[in-house]
Amino acid sequence: MSIKLKDGITWVGKIDWELRKFHGESLSTHRGSSYNAFLVEDEKTVLVDTVWGPYAKEFIEDLKKTVDLKKIDYIIAQHGETDHSGSLSELLRYIPGTPVYCTANAVKSLKGQYHEDWNFQVVKTGDRLNIGSKEFVFIEAPMLHWPDSLLSYLTGDEILFSNDAFGQHYATAQMFNDLADQSEMLAEAKKYYANILAPFNKLVEKKIQEVLALNLPLKMICPDHGVIWRQNPAQIIEQYLLWARDYQENQITVLYDTMWNGTRRMAETIAEGIKEADPAVTVKLYHVGKEDINDIVTEVFSSKGIVVGSPTVNNRVLFSLAGLIDELGRMNLKNKRAAAFGAYGWSGEAVKLLNGMLTEVGFAIVNDGLRVAWNPDEEQLDSCRQFGRDFAADFTK
Ligand code: FEO
């Protein structure tokens with residue numbers, strides 16, 4: 001399949017409708033994904049990125065229907081991760097020696113993965129590649145999200161090929177931001193940012209400001225996953241600037257795991273208290289043991305505060321909470337408050353442990369937490385409700 005974006009610019013990627021896990025098993029992709037690659041035809045013909053290895057043969061067969069492979073003069077490899085570079089080996093068997101334009105770090109990542117010595121042409125920020133009536137301008141984007149990442153701007157057509165940035169793991173036949181289901185598209189863009197780019201917030205903001213300072217006219221942003229931003233492409237740049245600045249919405253999320261429902265009853269009652277104290281706040285509640293961890297990370301990313309509960313099990317917290325908090329530490333989230341709670345039978349260390357774990361990954365703990373021995377009775381449930389009220393009220397201080 002190929003899709004003409006405009007004269008001389010063709011999408012030649014692969015929509016992966018089946019993908020449900022990415023980065024091994026570590027990232028959920030409920031709505032699939034796409035590996036976007038682009039053919040740019042001027043006096044010279046350029047392929048921007050390829051697709052994931054399992055689809056290499058399919059990709060090349062489709063590409064042959066769009067262009068005689070021998071006409072490809074240059075390949076731009078914006079990033080070495082295998083979802084974009086995985087078809088290079090197969091493709092370069094057909095067109096050996098074709099120059100591969102990439103960053104110095106991409107030479108390392110490509111050689112390290114494929115053990116091939118291709119005709120690498122190293123580019124740096126500001127370098128240009130003339131293809132006839134227009135040219136590519138390269139902008140290195142280290143740690144967005146690998147050290148090898150590269151952005152490529154095409155003059156004339158005024159298109160930014162943004163590699164992973166501005167992408168979504170979202171398989172859609174609509175393909176363009178103005179045609180896609182807006183709620184699905186924006187939810188997937190946020191999940192992608194929260195789980196992949198949030199650790200690099202400072203670099204994201206700096207790189208966007210650097211690109212904006214170039215005053216490049218922009219008609220389209222072509223990321224390597226999800227929809228093409230052709231209608232008001234600046235909207236996703238503005239959204240990234242918001243997300244990059246210690247983002248939060250008026251949301252409090254209650255996260256818990258439970259063994260015999262004591263901690264669950266506490267969680268639900270705390271959520272009631274939060275809502276009582278602040279009817280305007282969005283309150284969400286998740287059983288962490290049953291929920292997708294990447295979806296929870298996205299909810300925490302959107303929250304101004306979280307309330308986290310675990311029973312005490314063998315003097316520790318349940319592993320679902322320990323795993324979640326470790327993952328939140330990787331996301332480097334800032335400017336968020338937290339409190340802990342939990343039911344226990346014998347020793348009751350979980351709340352203190354949660355306080356320590358949450359502090360270690362950057363949350364501001366607002367109180368000592370709330371413990372209940374065995375199942376909460378009505379009086380203890382009243383304490384839970386008050387705990388929720390106090391947590392919500394803390395934001396008005
Ligand atoms: Fe879509 Fe970092 O690869």
Side-chain angles (χ1 to χ4, degrees), residues 11-38 47-56 58-59 75-89 91 100-114 138-152 160-172 175 177 185 188-201 203-204 207-208 221-229 236 240 243-244 294 297-298 327 330-332:
W11 177 94
V12 289
K14 167 70 190 169
I15 300 178
D16 191 341
W17 298 96
E18 295 182 353
L19 191 78
R20 290 297 176 269
K21 290 285 183 180
F22 192 75
H23 287 158
E25 296 295 310
S26 69
L27 180 65
S28 61
T29 51
H30 307 311
R31 295 188 178 98
S33 191
S34 66
Y35 318 109
N36 298 338
F38 305 93
L47 178 68
V48 181
D49 291 329
T50 68
V51 309
W52 188 32
Y55 294 113
E58 217 172 292
F59 165 70
I75 297 168
I76 298 174
Q78 299 188 104
H79 176 30
E81 195 161 13
T82 192
D83 50 325
H84 309 297
S85 65
S87 301
L88 279 173
S89 296
L91 178 63
V100 177
Y101 287 78
C102 63
T103 63
N105 276 328
V107 175
K108 291 183 198 168
S109 60
L110 292 169
K111 278 189 177 178
Q113 291 175 95
Y114 305 111
F138 297 111
I139 304 159
E140 292 170 276
M143 297 320 295
L144 299 179
H145 66 124
W146 273 18
D148 63 7
S149 300
L150 179 70
L151 311 175
S152 309
L160 179 67
F161 296 92
S162 62
N163 187 243
D164 277 332
F166 311 124
Q168 327 92 54
H169 287 306
Y170 182 31
T172 170
M175 291 301 297
N177 72 308
M185 176 184 78
E188 291 302 338
K190 187 201 266 186
K191 178 175 177 179
Y192 186 98
Y193 189 94
N195 284 273
I196 298 175
L197 290 164
F200 312 111
N201 271 343
L203 294 169
V204 170
K207 184 54 60 178
I208 288 178
I221 296 177
C222 294
D224 274 6
H225 298 289
V227 301
I228 311 297
W229 301 91
I236 190 62
Y240 263 47
W243 286 336
N294 307 112
V297 167
T298 311
E327 181 69 1
R330 266 186 280 281
M331 296 306 120
N332 196 25

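All figures in this text were calculated on a predicted structure; none of them were measured in a lab. Order of listing sets the numbers, starting from 1, for every ligand and every atom in it. Worth knowing before you read on, the calculation uses all heavy atoms, side chains too, and leaves out hydrogens, waters and symmetry mates.
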Which residues satisfy the salt bridge (charged side-chain N to carboxylate O under 4.0 Å, His left out) test with Lys111, sequence neighbours excluded?
Asp117
Near atom 1 (Fe) of ligand 1 (under 2.8 Å) - protein N, O or S atoms:
Asp83 OD2, His84 NE2, Asp164 OD1, His225 NE2
Atom nearest to atom 2 (Fe) of ligand 1 - His145, N, O or S atoms considered
NE2
Without placing hydrogens or testing angles, list every side-chain donor-acceptor pair under 3.5 Å for residues 18-25, not counting sequence neighbours.
unit_1: Arg20; atom_1: NE; unit_2: His30; atom_2: O; d: 3.4
unit_1: Arg20; atom_1: NH1; unit_2: Trp17; atom_2: O; d: 3.2
unit_1: His23; atom_1: NE2; unit_2: Glu81; atom_2: OE2; d: 3.0

Hey, what's the ring geometry for His79 with Trp146, parallel, tilted or perpendicular (30° and 60° as the breaks)?
perpendicular
Anything under 30° is parallel, anything over 60° is perpendicular, the rest tilted; go ahead and classify Trp243 against Tyr193.
tilted
Evaluation steps, side-chain hydrogen bond (donor to acceptor under 3.5 Å, both in side chains), between Asn36 and Ser34
CA-CA 6 Å; Asn36 298 338; Ser34 66; 2.9 Å; yes
Test: salt bridge (Lys or Arg N to Asp or Glu O under 4.0 Å). Region: residues 191-200. Which pairs qualify, not counting sequence neighbours?
Lys191-Asp295
